[in-house]
Amino acid sequence: MTNFKTGGPWVTRFAPSPTGAPHLGNVRTAVLNFLLARQSGGTFLLRLEDTDRERSAFAHEAAILWSLSWLGLAPDRPVRHQSLRLDDYHAAVDRLADAGRAYPCFCSEADLERERAEAAAKHLPPRYSGRCAALTAAERADRVASGEPHVMRFRLPDRADVAFADLIKGDMRVPAGAFGDFVLLRQDGWPSYNLAVVVDDIDMGVTLVLRGEDHLTNTARQILLYEALGHTPPHFAHHGLLVDTEGRKLSKRSGALGIPDCIRAGLEPMAVVHYLASLSGALPTKKLFESLDDMARAFNPFALGRGNAVMNLDELRALSARYFRAADPESHVRALDEALPAGDPWHALPDGLRRDLVLGLRDNAATLDDLRALLPHFTADEIRYGASAFSELTAGTAVLDALLEALPASDPHARLTASDASELLKRTAAQADVKGRALYHPIRLALTGSDSGPELSALLTLLTVDRIRERVHAANMFSPRTNKE
Ligand code: GLU
């Protein structure tokens, strides 16, 4: 039996409708299709389903393309737009009509509404009665020729149970009568979703339709269309939806997190792909991946469960922080070079120090913005001490005095080595006769004005000896001894 491994190489597609900004639920579908295509040596395609003329917008389309590009999920062939393919949909409907499988339906919205109400009163599913299916060929031709508005409907076959083996959900069966003759072309000549999707999936050579389970109800209609058009349906796999930690489904309309939000939050693109693929256990999160190809190799589609995938923003942030800290430090140096305005002291720092600052500080940062916020503690000419720092610094006078005394008299622009720094701390501790927090905290505060930051011994190597002296002097201004003098 075909499964994810035996059925490849897969031609997959991501087929978003540009009717809203893409959210992480949609993006997850793109990720799964991309990884599966890559893993099987297949092809990943992108199709914009822009046939809802009222709701489709160029801005949403741009957001989709741009989001995929940020994530690195480039399609293997040019992007296709359904709005440019109306002729092909019409040609397919003409073929179906010639074969007696499509017919014009002249029922008005009011007629259909009445039928729906009647069905609801009898507790039946709302479905088209097939009234116009019974018209004679001559009646049809006359009414069409007279310009009467109509849609084109698909004529369901008599035997209508549809069975298929879903690669995730298992054997599925949709009983006859679950739906009626459905619309292929709307009154304005634009295709329905079900028609366009099938015509395009055939034309693009798609072999696996991997999408959210909210489309499961369409699959039976699509399979019938494949058969009527003389094509073998592709394989189908419907994954569970992405829900938030309260179990609510993410949707465009509920304003769920999108890629622009991820960018604003400083998340790493690799982490977003990795996280979305890891939900339901399809990719381990223990190790980080070097590339999307590595990820594709480790991806396990068999783990894609039937249940929903729960999105937890804190987990995504934590994974992103790991990618951030593992990145090439030079890439962060370059990013800061670009992000910081001309005139920022960062630009005057020697190359080696910029790199050391990135390496020294990023363990305390999860994003580039965090890193950027830590820099002034090291690069500013003057440290501003908050009110709460005053009492701490006052209490630490003896430590700061001892540190000044123990500071080697070296080249003012020199920095301490790691062993100089630990020697300095040892001597300061001995001289002031303190250890632990009473030793470290006043020094940390004096040097950076901040409570947190890298290990003190690392911190001492990130400032020049001159800067250390200057800052400790400045901090010591608060000491009772200095005030008395
Ligand atoms: N255009 C549909 C959507 O955005 C997807 C259709 C499909 O994958 O078949 O939900």
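Read the numbers this way: they start at 1 and go in the same order the structure lists the ligands and their atoms.
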**Message:** Which of the numbered atoms in ligand 1 are under 4.0 angstrom from any heavy atom belonging to Arg211?
**Reply:** 7 (C), 8 (O), 9 (O)

**Message:** Tell me whether Gln222 reaches ligand 1 (any heavy atom closer than 4.0 angstrom to a ligand atom).
**Reply:** no

**Request:** Mark up the atoms of ligand 1 that fall under 4.0 Å of a heavy atom belonging to Arg13, in ascending order.
**Result:** 7 (C), 8 (O), 9 (O)

**Request:** Give a yes or no on whether Glu61 atom CD has more than 12 heavy-atom contacts from other residues, nucleotides or ligands under 6.0 Å away.
**Result:** yes

**Numbered atoms of ligand 1 (with element) below 4.0 Å of Glu49, judged on heavy atoms** = 1 (N), 2 (C), 5 (C), 6 (C)

**Request:** Only counting residues at least two apart or in another chain, list the ones meeting side chain to side chain donor-acceptor pair (under 3.5 Å) with Thr136.
**Result:** Glu139

**Prompt:** Do His215 and Phe236 have ring centroids that are under 6.0 Å from one another?
**Reply:** no

**Message:** Could you work out, with salt bridge (Lys or Arg N to Asp or Glu O under 4.0 Å) as the rule, every residue matching Arg114, not counting sequence neighbours?
**Reply:** Asp111

**Request:** Provide the number and element of each atom of ligand 1 under 4.0 Å from a heavy atom of Tyr193.
**Result:** 6 (C), 7 (C), 9 (O)

**Asked** If we only count heavy atoms from C-beta on, is the Pro191 to Leu86 side-chain gap below 4.5 Å?
**Response** yes

**Prompt:** Considering only heavy atoms of Pro16, which atoms of ligand 1 have at least one such atom less than 4.0 Å away?
**Reply:** 4 (O)

**Request:** Between Ser17 and ligand 1, find which residue part has any heavy-atom pair under 4.0 Å and reply side chain, backbone, both or neither.
**Result:** both

**Asked** Are any of the N or O atoms of Val197 closer than 3.5 Å to those of ligand 1?
**Response** no

**Message:** Assess whether a salt bridge exists between Arg116 and Glu109, defined as any Lys/Arg side-chain N lying under 4.0 Å from an Asp/Glu carboxylate O.
**Reply:** yes

